Asks: 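What follows is a structure written as structure tokens; I'll ask about it next.
This is a predicted model, so every value here is computed, not measured. These values consider heavy atoms only, across backbone and side chains, with no hydrogens, waters or symmetry-generated copies.
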Amino acid sequence: MKLVLQAIIGSIALHVLYIVCLMLVSMIKTKSYKPDIVSAWDKVDTLQKEVEIVGKVIPPYFYVLSFVGVATICGIIILM
């Protein structure tokens, strides 16, 4: 039971670390972005009347599988 608890704590720690790193990278990119206003005037186009949202949707079960997978890997590493 102690091994399972340690693996779950390791999985939580790795997921929190991953999310914090993503947030830090996003903050740094946002703070360091400097738009080029002078050249933007040369590329004026007409606005579209429709919006297309491009992106991926991650199914909710992916997070559960990720948590269980990382917990399993942590458990194997702790056993070694």
Side-chain angles (χ1 to χ4, degrees):
M1 195 61 165
K2 183 178 176 183
L3 174 69
V4 174
L5 185 61
Q6 288 176 344
I8 290 172
I9 291 171
S11 180
I12 290 171
L14 287 175
H15 279 88
V16 168
L17 180 69
Y18 176 72
I19 291 170
V20 168
C21 287
L22 284 178
M23 290 174 64
L24 285 174
V25 167
S26 299
M27 286 173 53
I28 291 170
K29 283 184 176 183
T30 301
K31 293 284 184 185
S32 65
Y33 176 72
K34 293 183 176 127
D36 189 13
I37 298 172
V38 175
S39 68
W41 285 102
D42 296 335
K43 301 174 187 173
V44 176
D45 293 327
T46 57
L47 295 175
Q48 296 179 353
K49 295 181 181 185
E50 296 178 4
V51 177
E52 180 178 342
I53 299 174
V54 179
K56 292 189 282 187
V57 176
I58 299 174
Y61 62 84
F62 174 77
Y63 297 110
V64 175
L65 291 176
S66 170
F67 182 77
V68 170
V70 173
T72 304
I73 292 171
C74 287
I76 292 171
I77 290 173
I78 293 170
L79 273 176
M80 294 179 170

Asks: Say you draw a straight line from CG of Leu22 to CG of Leu17; how long is it, rounded to the nearest 0.5 Å?
Replies: 9.5 Å
Asks: Under the side-chain hydrogen bond (donor to acceptor under 3.5 Å, both in side chains) definition, can you give me all pairs with a residue in residues 64-80, not counting sequence neighbours?
Replies: His15-Ser66
Asks: Identify whether Leu65 and Ile8 are in the same connected component of the hydrophobic contact network (ILVMFWY, side-chain heavy atoms under 4.5 Å).
Replies: no
Asks: Does Val20 belong to the same Ile/Leu/Val/Met/Phe/Trp/Tyr cluster as Ile12, with side-chain heavy atoms less than 4.5 Å apart forming each link?
Replies: yes
Asks: Which heavy atom of Ile78 sits nearest a heavy atom of Ala7, and at what distance?
Replies: CD1-N, 4.0 Å
Asks: Taking Ser11 for the side chain and Val70 for the main chain, is one N or O donor matched with an acceptor at less than 3.5 Å?
Replies: no
Asks: For Ile9, check side chain to side chain contact (heavy atoms under 4.5 Å, CB included) against everything at least two apart and list the hits.
Replies: Leu5
Asks: Kindly compute the distance separating OG1 (Thr30) from CE (Met23), expressed to the nearest 0.5 Å.
Replies: 11.0 Å
Asks: Are Val16 and Phe67 joined in one hydrophobic group, where the rule is that I, L, V, M, F, W and Y side chains link up if heavy atoms are under 4.5 Å apart?
Replies: yes
Asks: Using the side chain to side chain contact (heavy atoms under 4.5 Å, CB included) criterion, which residues pair with Ile58? Sequence neighbours excluded.
Replies: Phe62, Tyr63
